[in-house]
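Here the structure is a predicted model, which is why all the values come from computation and not from measurement.
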Amino acid sequence: MKPAVTYELLHECKQTGARRGIIHTPHGDIQTPIFMPVGTQATVKSMTPEELKEMVKAQIILSNTYHLYLRPGSKLVREAGGLHKFMKWDRPILTDSGGFQVFSLGDLRTIHEEGVEFKSHLDGSKHFFSPEGVMEIEEDLGADIIMAFDECCPYPSTYEYTKQSMERTTRWAIRCKNAHTTTDKQALFGIIQGGFFKDLRKQSAEDLINLDLPGYAIGGISVGEPKEEFLDILRYTTPLMPKEKPRYLMGVGTPDYLIEATIAGIDMCDCVLPTRIARNGTAMTWNGKVVVRNATYERDWGPLDPECDCYTCKNYSRAYIRHLVKANEILGVRLLSIHNLRFLTKLMERVRIEIENDNLLNFREKFYNKYYKM
């Protein structure tokens, strides 16, 4: 049986080895490397699907298993025809396993070999996630790419704890694969763990690759560690991943991390960052961050970013957006969200071109000089 999701390598950058490819899914092709907007609760905050397609040029979005299980419930989503019909999005969707959210609950959860007991952050009600249960939820939701249930170690963690956690993640991945029934419609990706210990990362990668899953992700980095440690583990782990399958780095959305991930050989990244900082009145521009709520923009009639082609920058001034943000008007958050999301999808469009031209290192230097004023 043909896998639901396959990867096609088009070009490798001669400067870096960065990959330009296509991920083929049941709901369309994804040009990679790609930034994926996060729609935690079956919506990218304040954005309609039409805006995501027309203004942001989003190719794929993420939704969250933990949140959708709690509200409105995966059975209701299944009854609606799955996430695609429920949220009126006809392009690819990825659902994470809820592992990161569950393990972020701290004292509200207890880990067992069988799974994780946890209390809802909404009402304190008790719940249980097992690998088999998570597979059932993700199959109900119906995304094109679904993630295996894993344990995300906090930073820092001891070697012994990290080893036990990594080995449990592998056992859970086996259980996820055995429980996964919709292999013709949904691709199950494994998540490489092992914290900041290279031997554990290597073991995790080898064990998961032996399962011959359709794709693989790096989890458990970009969790509060120094950038040097992030880059070290990223650059060590990525080459361990199969070249013929999609490579996904979870939870990364700053421009520098996206570019460094691409250079390391990653195909897919996601993060809530662009909409989160929009709610704080911050824009990412080709000349660095702009905190538009600052008084300096009160009479600034120019666009957020003169180099941007988004709807916001074509139509509205910094002064007007500042007014909306200061007045707590929803439109301010919407306009900033459109801009930030488009900025990152445009950045990755440019990265794809630079890979094809074997020019990614030169582009990185010029971009960093402008964005980070280096």
*Would you please test Lys119 and Leu105 for side-chain contact (heavy atoms from CB on, under 4.5 Å) and show each step?*
CA-CA 8 Å; Lys119 292 182 181 179; Leu105 293 172; over 6 Å; no
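- Between Gly194 and Arg201, the shortest heavy-atom contact is C-NE, 3.8 Å.
- Minimum heavy-atom separation, Pro255 to Phe343: CG-CE2, 4.0 Å.
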Side-chain donor-acceptor pairs of residues 34-42 under 3.5 Å, sequence neighbours excluded:
from	atom 1	to	atom 2	distance (Å)
Gln41	OE1	Arg71	NH2	3.3

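- Under the 3.5 Å distance criterion, with hydrogens and angles disregarded, a donor-acceptor pair is assigned to the side chains of His127 and Ser125.
- For Ile22, the side-chain contact (heavy atoms from CB on, under 4.5 Å) criterion is met by Glu8, Leu10, His24, Asp29, Gln31, not counting sequence neighbours.
- By the 4.5 Å side-chain criterion applied to Ile, Leu, Val, Met, Phe, Trp and Tyr, Leu240 is assigned to a cluster that also includes Tyr236.
- Within the structure, every pair that satisfies the side chain to side chain donor-acceptor pair (under 3.5 Å) test and touches residues 78-94, not counting sequence neighbours, is listed here: His27-His84, Glu50-Lys88, Lys53-Asp90, Arg78-Asp140, His84-Asp144.
- Under the salt bridge (Lys or Arg N to Asp or Glu O under 4.0 Å) criterion, Asp184 pairs with no residue at all, not counting sequence neighbours.
- A salt bridge does not link Asp256 to Arg364: none of the charged nitrogens lies less than 4.0 Å from a carboxylate oxygen.
- Using a distance-only test at 3.5 Å, with no hydrogens or angles considered, a donor-acceptor pair links the side chain of Gln15 to the main chain of Leu360.
- With hydrogens and angles disregarded, a donor-acceptor distance shorter than 3.5 Å links the side chain of Arg247 to the backbone of Met241.
- Side-chain atoms of Asn210 and Asp207 include no donor-acceptor pair closer than 3.5 Å.
- Here the closest non-hydrogen pair linking Pro214 and Pro246 is O-CD, 3.2 Å.
- Cluster membership for Val272 and Leu347, using ILVMFWY side-chain heavy atoms within less than 4.5 angstrom, is not shared.
- Listed for the Arg175 side chain is no donor-acceptor partner under 3.5 Å among the backbone atoms of Arg171.
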*asked:* Using the rule given for side chain to side chain donor-acceptor pair (under 3.5 Å), can you reason through Thr345 versus Arg342, listing the C-alpha separation, both sets of side-chain angles and the distance that settles it, and then say yes or no?
replied: CA-CA 5 Å; Thr345 59; Arg342 178 57 189 150; 3.2 Å; yes
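- Taken together through direct or relayed side-chain contacts under 4.5 Å among Ile, Leu, Val, Met, Phe, Trp and Tyr, Ile277 and Val333 form parts of separate hydrophobic clusters.
- Side chain of Gln193 to main chain of Ser204: no donor-acceptor pair is present (N/O by atom type, distance under 3.5 Å, no hydrogens or angles).
- A donor-acceptor pair is defined here as one N or O able to donate and one able to accept, closer than 3.5 Å; no such pair exists between the side chain of Ser74 and the backbone of Tyr69.
- Each of Thr25, Val5, Leu94 was evaluated against Ile30; a single residue qualifies, Thr25, per the side-chain contact (heavy atoms from CB on, under 4.5 Å) test.
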*Please lay out, stage by stage, how Leu361 and Thr16 fare under the test side-chain contact (heavy atoms from CB on, under 4.5 Å).*
CA-CA 7 Å; Leu361 288 183; Thr16 64; 3.4 Å; yes
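- Side chains of Ile233 and Lys198 form a contact here, defined as non-hydrogen atoms less than 4.5 Å apart.
- Taking every heavy atom of both residues into account, Val56 and Leu52 meet most closely at CB-O, 3.3 Å.
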*Applying ring pair (Phe, Tyr, Trp, His ring centres under 6.0 Å), run through Tyr155 and Phe196 and close with a yes or a no.*
CA-CA 9 Å; Tyr155 176 86; Phe196 294 86; 5.2 Å; yes
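- Phe367 and Ile353 fall into different hydrophobic clusters, defined by Ile, Leu, Val, Met, Phe, Trp and Tyr side-chain heavy atoms under 4.5 Å apart, directly or through other members.
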*Lys163 and Asp199: salt bridge (charged side-chain N to carboxylate O under 4.0 Å, His left out), yes or no, with the steps?*
CA-CA 10 Å; Lys163 184 174 187 291; Asp199 61 325; over 6 Å; no
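- With Thr95 as the partner, the side-chain contact (heavy atoms from CB on, under 4.5 Å) test is satisfied by one option alone out of Leu83, Leu62, Ile145: Leu83.
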*Under the side-chain contact (heavy atoms from CB on, under 4.5 Å) rule, what do Phe189 and Ile146 come out as? Steps first, then yes or no, please.*
CA-CA 6 Å; Phe189 282 22; Ile146 63 177; over 6 Å; no
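- A salt bridge links Lys245 with Asp212: the closest approach of a Lys/Arg side-chain nitrogen to an acidic carboxylate oxygen falls below 4.0 angstrom.
- Looking only at side-chain heavy atoms (C-beta outward), Ile93 and Met87 come within less than 4.5 Å of each other.
- Of the possible polar contacts, none joining the Glu139 side chain to the Glu136 backbone as a donor-acceptor pair under 3.5 Å is found.
- Taking Glu206 as the reference, Lys202 meet the salt bridge (Lys or Arg N to Asp or Glu O under 4.0 Å) condition, with sequence neighbours excluded.
- Other cluster members for Met166: Tyr159, Phe197, Leu200, joined by side-chain heavy-atom distances under 4.5 Å among Ile, Leu, Val, Met, Phe, Trp and Tyr.
- Of all the heavy atoms in Ala283 and Asn340, the pair that sits closest is CA-OD1, 3.3 Å.
- Using bins of under 30°, 30° to 60° and over 60° for the plane-to-plane angle, the ring pair Phe118/Tyr66 lands in the tilted bin.
- Counting all heavy atoms, side chain and backbone alike, Phe149 lies closest to Cys176 at N-SG, 3.4 Å.
- Here the side chain of Glu260 pairs no donor or acceptor atom with the backbone of Leu258 at under 3.5 angstrom.
- Linking ILVMFWY residues whenever their side-chain heavy atoms come closer than 4.5 Å, directly or via other members, leaves Ile60 and Val252 in distinct clusters.
- Under the ring pair (Phe, Tyr, Trp, His ring centres under 6.0 Å) criterion, Tyr320 pairs with Tyr316, not counting sequence neighbours.
- Formation of a donor-acceptor pair under 3.5 Å by the Thr65 side chain with backbone atoms of Asp96 is found in this model.
- Across Lys346, Lys57, His339, a single residue satisfies side-chain contact (heavy atoms from CB on, under 4.5 Å) together with Cys310, and that is His339.
- Arg168 and Ser165 are not linked by any side-chain donor-acceptor pair at a separation below 3.5 angstrom, with hydrogens and angles left out of the test.
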*Run the side-chain contact (heavy atoms from CB on, under 4.5 Å) check on Thr275 and Leu341 step by step: do they pass?*
CA-CA 7 Å; Thr275 50; Leu341 289 166; 4.0 Å; yes
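- Identified under the side chain to side chain donor-acceptor pair (under 3.5 Å) test for residues 280-299, with sequence neighbours left out: Asn287-Glu307.
- With Asp232 contributing its side chain and Glu228 its backbone, the two residues share no donor-acceptor pair below 3.5 Å.
- Evaluation of the ring pair (Phe, Tyr, Trp, His ring centres under 6.0 Å) rule for Phe230 yields Tyr257 as partners, not counting sequence neighbours.
- Ion pairing between a basic and an acidic side chain is recognised when a charged N comes within 4.0 Å of a carboxylate O; Arg352 and Glu356 show no such pairing.
- Taking hydrophobic clusters as Ile, Leu, Val, Met, Phe, Trp and Tyr residues chained together by side-chain heavy-atom distances below 4.5 Å, Phe128 does not share a cluster with Trp172.
- Evaluation of the salt bridge (charged side-chain N to carboxylate O under 4.0 Å, His left out) test over residues 263-277, restricted to residues two or more places apart or in two chains, returns Arg19-Asp267.
- For the pair Ser104 (side chain) and Phe100 (backbone), a donor-acceptor distance under 3.5 Å is present.
- For His180, there are no ring pair (Phe, Tyr, Trp, His ring centres under 6.0 Å) partners, not counting sequence neighbours.
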